[in-house]
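One structure is given below, encoded as structure tokens.
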Amino acid sequence: MTNAQSILEFQSNVSLKGRNTFGIAANAKRFAEVTDESALQRWANEHGKNERPFILGGGSNLLLTADIAEPVLHIAPLGIRVVEQDAASALVEAMAGEPWHAFVLWTLERGLCGLENLSLIPGYVGAGPVQNIGAYGVEIKERCERVVAVDLRTGELKTFSRGECAFGYRDSIFKHLERDRYAITRVYFRLSKTFSARVTYGDIQSELAANKVASPTARDVSNAVIAIRSRKLPDPAVIGNAGSFFQNPVVSVVKADELSAKHPTMARYPAPDGVKLAAGWLIEHAGWKGRTINGAGVHEKHALVLVNHGGATGASLWQLAQMIQVDVLAKFGVQLEAEPRVV
Ligand SMILES: Cc1cc2nc3c(=O)[nH]c(=O)nc-3n(C[C@H](O)[C@H](O)[C@H](O)COP(=O)(O)OP(=O)(O)OC[C@H]3O[C@@H](n4cnc5c(N)ncnc54)[C@H](O)[C@@H]3O)c2cc1C
């Protein structure tokens, strides 16, 4: 079916099973692939007053518990280019539909540093700013200079400075306040031409040592991150998952001390507004690691990752997640928040 010719082409009743990394069977009543920013602008200009679309990237931070009634816009424009540079840095424009990891490799091949710790995160560039993706002590906000998005109510292009994105821990205005209002079409990254290693987090240092790398390059750090992630995280192509299902909770120092007194081995990290606890530790010590209910499971090696063992529905995964939330609250007095979007 063609909707408002040459603007966007919508298909009816499209399966989303291959478009979410949990591999959940759900349909989009209407679905359009958006490869052209200006076509999206024209569509929003004509339909934005009446339609409230649902924005989809690679579906790697999504739990579908039902079909999607809203028109689904799969944001997929392609292209990467250096827009300006000097001796110290380059400003790189990446279109929203570029696969994130391939983009990181593109920057490293050109000697541009800053994203190496974020290697191998699934999904597309456009979703990166939505939850301020982060890994191994680095967040996208450190390198994201601005974001360009189409206002889906008016069709206007709007540029958001880093400050206007209101980045927080796994958060930005695109994740909650303005969700589905702004379709991010382009992201601009300020990348360095000199490398400054950030290797104190997680196992990067021991991975480099095992590889006998004493003075790592950005590429060495990326390779180390790829190796660690490949060992630790289940591959969605093999077993459905959305990475970490819960955010690491931040609690007051008083609360953290109270828990540490009872559980001396509990992992804790200083945070600007209190103490960050490891959600995986709480889930594991509440006894959930490796458990499975109705095809929905807690990964046997990584308690923070919920998995689809094959027959899970979105509802059974969400039920498992809620059982974990209730139990962790009862046992530790800590509320866990889901990281993926639950629909
Ligand atoms: C194995 C695995 C490991 C992971 N590891 C990490 C990790 O280390 N760190 C981390 O932060 N995340 C991680 N994730 C989560 C996920 O990969 C990221 O959040 C990723 O950025 C999501 O991208 P996506 O394109 O799949 O977005 P989707 O899942 O399609 O969408 C996620 C959200 O962003 C919105 N959105 C998507 N595209 C756009 C756009 N162009 N404009 C506006 N809104 C948009 C959607 O509406 C939705 O609310 C992991 C996931 C998996 C499966």
Side-chain angles (χ1 to χ4, degrees), residues 16 19-24 28 33-35 37 40 44 52-64 68 70 72-77 94-101 103-104 115 117-141 144 147-152 158 160 165 167-187 201-202 225-226 228-248 299 302 304-308 338-343:
L16 299 177
R19 293 184 182 274
N20 71 96
T21 56
F22 265 123
I24 299 295
E33 179 104 353
V34 180
T35 52
E37 187 180 71
L40 180 61
R52 195 66 206 250
F54 178 99
I55 304 173
L56 181 68
S60 64
N61 211 20
L62 187 64
L63 176 59
L64 294 168
I68 302 184
E70 296 84 10
V72 172
L73 300 176
H74 180 231
I75 308 298
M95 301 303 283
E98 291 289 342
W100 174 259
H101 179 59
F103 167 61
V104 172
L115 299 176
N117 292 44
L118 304 179
S119 297
L120 215 61
I121 297 180
Y124 294 155
V125 164
V130 175
Q131 77 151 3
N132 179 25
I133 52 170
Y136 296 95
V138 172
E139 291 178 326
I140 199 179
K141 72 170 184 193
C144 173
V147 164
V148 171
V150 174
D151 183 340
L152 294 176
K158 185 167 159 56
F160 294 82
C165 292
F167 289 122
Y169 167 59
R170 299 295 182 273
D171 204 13
S172 75
I173 55 157
F174 306 108
K175 185 157 177 176
H176 293 114
L177 207 60
E178 299 289 14
R179 189 170 75 188
D180 290 332
R181 170 154 188 194
Y182 292 103
I184 296 171
T185 49
R186 289 182 251 166
V187 186
Y201 198 98
V225 168
I226 292 169
I228 299 165
R229 290 182 70 105
S230 305
R231 268 199 312 270
K232 280 196 168 171
L233 287 169
D235 178 357
V238 178
I239 184 165
N241 75 89
S244 304
F245 196 88
F246 296 102
Q247 295 181 356
N248 288 322
H299 194 254
H302 206 316
L304 200 45
V305 180
L306 300 193
V307 294
N308 177 1
E339 188 179 295
R341 178 170 185 179
V342 181
V343 183

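When a ligand or atom number is given, it counts from 1 through the structure's own listing order. Model, not experiment: these values are computed from the prediction.
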Could you say whether the N/O atoms of [X] and ligand 1 ever approach to under 3.5 Å?
X	result
Phe54	no
Asn132	no
Thr21	no
Asn61	yes
Gly58	yes
Ala135	no

Apply side-chain contact (heavy atoms from CB on, under 4.5 Å) to the pair Ile55 and Ile75, showing each step before the final yes or no.
CA-CA 7 Å; Ile55 304 173; Ile75 308 298; 3.5 Å; yes

As an exercise, identify every atom of ligand 1 less than 4.0 angstrom from a heavy atom of [X].
X	value
Leu56	30 (O)
Ala242	51 (C), 52 (C), 53 (C)
Tyr182	42 (N), 43 (C)
Ile75	41 (N)
Gly134	7 (C), 8 (O), 9 (N), 10 (C), 11 (O)
Gly123	23 (O), 24 (P), 25 (O), 26 (O)
Ala183	42 (N)
Asn241	1 (C), 53 (C)

So between [options], whose heavy atom ends up nearest [atom]?
atom	options	value
atom 39 (C) of ligand 1	Ile55, Asn20, Val147	Ile55
atom 27 (O) of ligand 1	Pro53, Ala149, Ala127	Ala127
atom 12 (N) of ligand 1	His176, Met95, Gln131, Glu178	Gln131

Would you indicate whether the side-chain heavy atoms of [Y] and [X] approach each other to under 4.5 Å?
X	Y	answer
Ser230	Ile226	yes
His299	Asn241	no
Tyr169	Gln247	yes
Asn61	Ile133	no
Val343	Leu62	yes

For [atom], what's the nearest protein heavy-atom neighbour? Residue, atom name and distance, please.
atom	result
atom 28 (P) of ligand 1	Gly59 N, 3.5 Å
atom 18 (C) of ligand 1	Ile133 CG2, 3.8 Å
atom 31 (O) of ligand 1	Gly57 N, 4.4 Å
atom 52 (C) of ligand 1	Gly243 N, 3.3 Å
atom 44 (N) of ligand 1	Val130 CG2, 3.5 Å
atom 22 (C) of ligand 1	Ser60 OG, 3.2 Å
atom 48 (C) of ligand 1	Arg341 CD, 3.8 Å
atom 20 (C) of ligand 1	Pro122 O, 3.5 Å

Test item: [X] side-chain N/O and [Y] main-chain N/O as donor-acceptor pair under 3.5 Å:
X	Y	answer
Arg170	Gly134	yes
Asn20	Leu64	no
Ser172	Pro129	yes
Trp100	Ala127	no

Evaluate the side-chain contact (heavy atoms from CB on, under 4.5 Å) criterion for residues Val148 and Glu37: first the C-alpha distance (whole Å), next the side-chain angles of each, then the deciding distance (0.1 Å), finally the verdict.
CA-CA 10 Å; Val148 171; Glu37 187 180 71; 4.2 Å; yes

Within-shell test, [X] vs ligand 1, heavy atom, strictly < 4.0 Å:
X	answer
Arg19	no
Trp100	no
Arg229	yes

Quick one about Glu339 and Ser244 (side-chain donor to acceptor, distance below 3.5 Å, no hydrogens or angles considered), yes or no?
no

Asn248 and Leu304: side-chain contact (heavy atoms from CB on, under 4.5 Å), yes or no, with the steps?
CA-CA 9 Å; Asn248 288 322; Leu304 200 45; 4.2 Å; yes

Aromatic ring pairing Tyr124/His74, orientation class (parallel under 30°, perpendicular over 60°, tilted between)
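Rings of Tyr124 and His74: tilted, as their planes differ by 30° to 60°.
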
The test is side-chain contact (heavy atoms from CB on, under 4.5 Å); show your working for Arg229 and Ile121 and say whether it passes.
CA-CA 9 Å; Arg229 290 182 70 105; Ile121 297 180; 3.8 Å; yes

Within the supplied structure, the quantity of interest is the number of heavy atoms (other residues, nucleotides, ligands) at a distance under 6.0 Å from Lys158 NZ; does it exceed 12?
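Yes - once you tally the heavy atoms of other residues, nucleotides and ligands closer than 6.0 Å, there are more than 12.
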
For ligand 1, does Phe174 get within less than 4.0 Å through its side chain, its backbone, both, or neither, judged by non-hydrogen atoms?
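The answer is neither.
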
Where's the contact between Ile121 and ligand 1, heavy-atom distance under 4.0 Å: side chain, backbone, both or neither?
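Side chain only.
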
To the nearest 0.5 angstrom, please state how far the CD atom of Gln131 sits from the CD atom of Glu139.
10.0 Å

